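First comes the structure, then the notes that go with it.
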Amino acid sequence: MPLVPAKCTQCGANIQVDSTHEAGICPHCGTAFITEKAVNNYHYQTNINANITQTTNIHAQTVHMHQDEINRFFVIEDGTLIKYNGKLKKIKVPEGVIALGDHVFSRVDYNEVILPSTLLSIGKGALMFDWDADSEGGVRRENIVRRIDLSACTSLCNIEENGLADTSVPVLVLPESLQSIEKNAFAVGQTLCYAGDAAEFEKNFGNSYRKETYYRPPQNYQREFCFYKNPLLGGFRSLGKTDDGYIYALYAEGACLCGYEREIDPEAELRLPATVEGERVVQISPFLYRQLMDVKSLILPEGVTEIPDYALYCTSSLSSLESVYVPASVTKIGKYALAFKRYGQKNAKITFAKGCRLKECDEENYYRYGTQIIEPPILPSGKRDEKIVTVSIDRGVKITAEVYLYDSSTAAPEINASVKTGFTKLLMTVREGEQKSVDVGRKNEAYLVYDCSSRRIGISPKNVEFHFKKKWFGKYELI
């Protein structure tokens, strides 16, 4: 094959290209280049270096001479990467680096960092973004799902405090070579995938991540407690990634979807795959929502049997999720597993397939107050998660009655039925001579609005009936 020396037109790394091809990909930074430009760039750099070599009278306190441009991006001392000067969004750390220095990427705004096979140690705060450094260039785009690729790090031994604690990296695939992990090495809400024995990992490195915690944030941020859980996925047969960007773990009973890396179309439904690499998908990982921030409508596939704790828990404005479809195959739903309704949201909706029957469920806390439940499932207690409101209006009663969902978090201090403040969704309209029923959900408040009056329907599992009965001379009574 006619290989010729060349330089990447983006990062300046030494490469070899096939002169018979018009274009190629740089193995160092992943940038596409045109072969002719890369070859010309090599000859241009070679001539400059040759001229500099012949110079014998350079007057300066410090002179940096670079064999190629890649040395400008990566400052490496004794095998330790101590500084990154580039601005690439996809950063490939060079082979030969054995350690990441403390805070080396703490002020870098990246999409992905690919770490080398030679890496042995990750320093303190190496990949934890420093939000306090804004005045010194630490500016970062928000709402970006980032990735740290450890797939080549088969010799990685040590991770120091906050070494991989980047809160915008939702999934970390950890090598079995790890020997030492310091406390708080990972961020809250990260899914940790470890191909080895999970119990052994917990025994050796249990202090490196938080099992479960909660805190009350500042009053101006959110009105409720925030829950976090750092799960460990271990004991699986293998890990992999599909061509369309899903990270998965294979267990004896099937596949678990634990990550998603593609850009999301916010206007389209996201339908998760029913199989990956020929294996049936039976579970989604905790905190899967962190990779699906822009999704408005999510459809879980038939075959999924469990939605674990906090799988879609996100009540902040970062999440766009409004609608989730749950298949009939689901038999287990964990704590806050479908609690995606955020403050002020008016149209959160969970649709269950007909016939869905749950064997395990935190009945009080699997979804959020104010969420509309369509086709409520049969709960482990034998009850349906429903409350039926029935309204009937006799002939001759000239009124119209409406039933609304109600959300106190969006209501004004004084509730006025004519203004409908806090009324998030019209569920049903009933007119003279009609009888209708609607499921408002046992965890939801609702309001019956009629004739410039209203009647509050509180939270309870009991069904409610309203009857507008004709009396005389156009009068009626509500019973």
Side-chain angles (χ1 to χ4, degrees), residues 150-151 170-176 189-203 205-206 209 211-212 229-261 270-292 298-313 324-340 350-363 365-367 377-381:
L150 295 159
S151 59
V171 178
L172 290 170
V173 180
L174 305 176
E176 294 186 68
Q190 284 180 327
T191 298
L192 309 178
C193 300
Y194 181 70
D197 182 79
E200 191 69 19
F201 187 93
E202 170 65 25
K203 177 182 176 182
F205 313 122
Y209 63 99
K211 312 303 180 300
E212 184 171 358
K229 185 174 183 180
N230 276 13
L232 171 67
L233 298 182
F236 38 76
R237 289 182 284 141
S238 63
L239 279 167
K241 186 177 72 172
T242 65
D243 292 339
D244 52 353
Y246 289 97
I247 300 172
Y248 62 87
L250 297 182
Y251 291 88
E253 61 273 19
C256 172
L257 294 180
C258 50
Y260 185 65
E261 298 183 346
L270 182 63
R271 186 183 296 269
L272 299 185
T275 61
V276 291
E277 312 302 341
E279 298 273 356
R280 193 175 189 184
V281 174
V282 296
Q283 186 179 337
I284 60 176
S285 72
F287 290 110
L288 183 66
Y289 81 87
R290 294 192 62 210
Q291 292 126 94
L292 309 176
L298 178 65
I299 300 175
L300 303 180
E302 187 67 34
V304 169
T305 59
E306 178 182 355
I307 306 175
D309 294 354
Y310 304 95
L312 297 175
Y313 178 87
V324 174
Y325 173 79
V326 179
S329 55
V330 169
T331 59
K332 181 179 179 180
I333 297 180
K335 184 178 181 181
Y336 293 100
L338 295 168
F340 58 84
I350 302 172
T351 302
F352 286 86
K354 289 185 178 181
C356 185
R357 188 181 188 98
L358 302 177
K359 296 179 181 178
E360 296 182 49
C361 179
D362 183 351
E363 296 189 13
N365 297 307
Y366 78 87
Y367 70 97
I378 298 176
L379 300 171
S381 61

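Being a predicted model, the structure only gives us computed values, none of them experimental.
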If I compare all heavy atoms of [X] with all of [Y], which pair ends up nearest, and what's the gap?
| X | Y | result |
| --- | --- | --- |
| Tyr366 | Gly334 | CB-O, 3.7 Å |
| Val276 | Tyr248 | CG2-CG, 3.8 Å |
| Glu363 | Ser381 | OE2-N, 3.0 Å |
| Asp309 | Lys335 | OD1-N, 2.8 Å |
| Arg280 | Thr275 | CA-CG2, 4.1 Å |
| Ser329 | Gly303 | OG-N, 2.8 Å |

Do Ile284 and Pro308 come within less than 4.5 Å of each other through their side chains, counting heavy atoms only? yes
Any side-chain heavy atom of Leu272 within less than 4.5 Å of one from Val281? no
Quick one: [atom1] on [X] to [atom2] on [Y], what's the gap to the nearest 0.5 Å?
| X | Y | atom1 | atom2 | value |
| --- | --- | --- | --- | --- |
| Leu312 | Ile350 | CG | CD1 | 8.5 Å |
| Phe352 | Tyr325 | CZ | OH | 10.5 Å |
| Ser285 | Leu257 | OG | CG | 8.0 Å |
| Cys356 | Leu379 | SG | CG | 9.5 Å |
| Ser238 | Glu279 | OG | CD | 7.5 Å |
| Thr331 | Glu306 | OG1 | CD | 8.0 Å |

Who passes ring-ring contact (aromatic ring centres under 6.0 Å, His included) against Tyr246, sequence neighbours left out? Tyr260
Going by ring-ring contact (aromatic ring centres under 6.0 Å, His included), name the residues that satisfy it together with Phe201, two or more places apart in sequence or in a different chain. Tyr194, Phe205
Listed by chain and number, what are the salt bridge (charged side-chain N to carboxylate O under 4.0 Å, His left out) partners of Glu176, not counting sequence neighbours?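 In terms of salt bridge (charged side-chain N to carboxylate O under 4.0 Å, His left out), with neighbours along the sequence ignored, Glu176 is linked to no residue.
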Ile333 and Asp362: side chain to side chain contact (heavy atoms under 4.5 Å, CB included), yes or no, with the steps? CA-CA 7 Å; Ile333 297 180; Asp362 183 351; over 6 Å; no
Please determine whether side chain to side chain contact (heavy atoms under 4.5 Å, CB included) holds for the pair Ile307 and Leu338, giving the CA-CA distance in whole Å, both sets of side-chain angles, and the decisive distance to 0.1 Å. CA-CA 8 Å; Ile307 306 175; Leu338 295 168; 4.2 Å; yes
Take Glu277 and Thr242 through the test side chain to side chain contact (heavy atoms under 4.5 Å, CB included) and record every step on the way to the result. CA-CA 7 Å; Glu277 312 302 341; Thr242 65; 3.8 Å; yes
Run the numbers on Val173 and Leu150 for side chain to side chain contact (heavy atoms under 4.5 Å, CB included), then give the verdict. CA-CA 6 Å; Val173 180; Leu150 295 159; 5.7 Å; no
